[in-house]
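Scroll down for the structure; my scribbles are underneath it.
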Amino acid sequence: MKLHSTPTQHYQTVTAYDEQGVEINARRFSYSLIVMPETPPQEWQVVSFDALRAEDFSRLDEVSPDVVILGTGRRQRFIHPRLIAALTSRRIGVECMDNPAACRTYNILMGEGRKVALALIFDET
């Protein structure tokens, strides 16, 4: 799905997505990644939802967003609370949704000026 450009073009904006990947500012990514409004997208060493570990969230803990939008792949899945305990103990919210919903939600929150992080999982299996 192509998304329309907005006045947030100097930020890292989701400009398109499908089941195989995502475009951030018209640059294509087909692997798991972390996106924040003011920093370039970073590869996230997560191969699948089932392989998630608590350590996978340490990079997100370091940047201290207000909320993490976790794109769990093609379908919505819910993460075990022990995996995100470090985030929730610091009052960092984590919302789980499928990747398309995560991309749309990230753009909305980023456009509102929120300190949001998007963590997308694209299964390699």
Side-chain angles (χ1 to χ4, degrees):
M1 167 181 264
K2 287 278 188 193
L3 302 176
H4 298 283
S5 62
T6 67
T8 59
Q9 291 177 348
H10 58 285
Y11 294 116
Q12 304 302 314
T13 304
V14 176
T15 51
Y17 55 84
D18 58 32
E19 289 187 2
Q20 289 77 40
V22 64
E23 284 184 13
I24 307 297
N25 293 350
R27 182 172 167 218
R28 180 83 178 163
F29 297 90
S30 58
Y31 49 81
S32 298
L33 74 156
I34 295 173
V35 183
M36 293 191 63
E38 297 179 357
T39 58
Q42 301 172 23
E43 184 172 359
W44 194 27
Q45 300 294 319
V46 174
V47 297
S48 70
F49 180 85
D50 293 327
L52 279 172
R53 303 167 299 138
E55 298 80 35
D56 294 323
F57 295 93
S58 62
R59 188 183 310 164
L60 293 163
D61 190 25
E62 292 168 8
V63 295
S64 299
D66 294 333
V67 65
V68 174
I69 306 301
L70 177 61
T72 59
R74 295 178 183 179
R75 65 184 175 93
Q76 182 180 27
R77 299 173 74 179
F78 296 97
I79 191 161
H80 195 283
R82 71 177 154 71
L83 296 177
I84 54 171
L87 296 174
T88 55
S89 71
R90 295 190 51 219
R91 296 181 175 249
I92 298 172
V94 178
E95 298 294 332
C96 299
M97 50 194 77
D98 63 34
N99 283 352
C103 290
R104 293 188 302 268
T105 303
Y106 166 81
N107 275 356
I108 291 168
L109 295 176
M110 185 261 315
E112 293 175 349
R114 299 276 306 274
K115 190 172 180 185
V116 60
L118 173 63
L120 292 172
I121 299 171
F122 289 99
D123 288 342
E124 294 180 3
T125 57

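Applying the salt bridge (charged side-chain N to carboxylate O under 4.0 Å, His left out) test to pairs two or more places apart or on separate chains, those with a residue in residues 35-51 are Asp50-Arg77. Listed by first and then second residue, the ring-ring contact (aromatic ring centres under 6.0 Å, His included) pairs involving residues 51-81 are Trp44-Phe57 (not counting sequence neighbours). Pairs engaging residues 81-100 under the side-chain hydrogen bond (donor to acceptor under 3.5 Å, both in side chains) rule: Asp61-Arg90, Ser64-Arg90 [sequence neighbours left out].
For the pair Leu120 and Cys103, the minimum side-chain heavy-atom distance is below 4.5 Å. The shortest side-chain heavy-atom distance between Val35 and Val14 does not fall under the 4.5 Å cut-off. Under the 4.5 Å side-chain criterion, counting only non-hydrogen atoms from C-beta, Thr39 is not in contact with Gln12. Using a 4.5 Å heavy-atom threshold, the side chains of Ser30 and Phe122 count as separate.
Pairing each heavy atom of Glu55 with each of Ser58, the nearest pair is O-OG, 2.9 Å. When every heavy atom of Pro65 is checked against every heavy atom of Val116, the shortest pair comes out as CB-C, 4.3 Å. Heavy atoms only, all atoms of each residue included: Pro37 and Tyr106 are closest at N-OH, 3.2 Å. Residue Ser32 comes nearest to Val46 through the heavy atom pair OG-O, 2.8 Å, listed as atom of the first residue, atom of the second, then distance. Shortest non-hydrogen contact noted between Gln45 and Asp56 is O-OD1, 4.1 Å. Contact between Thr13 and Met110 at its shortest, heavy atoms only, is OG1-CE, 3.4 Å.
A continuous path of ILVMFWY side-chain contacts below 4.5 Å connects Leu109 to Met97, so both sit in one hydrophobic cluster. Phe29 and Met36 end up in different hydrophobic clusters when Ile, Leu, Val, Met, Phe, Trp and Tyr side chains are linked at under 4.5 Å. Under the 4.5 Å side-chain heavy-atom criterion for ILVMFWY residues, no single connected hydrophobic cluster contains both Tyr11 and Val63.
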Quick one, Ile79 with Leu52, criterion side-chain contact (heavy atoms from CB on, under 4.5 Å). Give me CA distance, side-chain angles, the key distance, then yes/no. CA-CA 9 Å; Ile79 191 161; Leu52 279 172; 3.8 Å; yes

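Legend: residues meeting ring pair (Phe, Tyr, Trp, His ring centres under 6.0 Å) with Phe49, ordered by chain and number and at least two apart, are absent. In this structure Gln76 satisfies the side chain to side chain donor-acceptor pair (under 3.5 Å) test with no other residue, sequence neighbours excluded. Under the salt bridge (charged side-chain N to carboxylate O under 4.0 Å, His left out) criterion, Arg27 pairs with no residue at all, not counting sequence neighbours. Every residue meeting the salt bridge (charged side-chain N to carboxylate O under 4.0 Å, His left out) condition with Arg28, not counting sequence neighbours, appears here in chain and number order: Asp18.
From Glu23, atom CD reaches atom OG1 of Thr15 across 4.5 Å, with rounding to the nearest 0.5 Å.
Among Ile84, Leu70, Ile34, the single residue meeting the side chain to side chain contact (heavy atoms under 4.5 Å, CB included) criterion with Leu60 is Ile34.
Of the possible donor and acceptor atoms, none in the side chain of Asn107 sits under 3.5 Å from a partner among the backbone N and O of Arg104.
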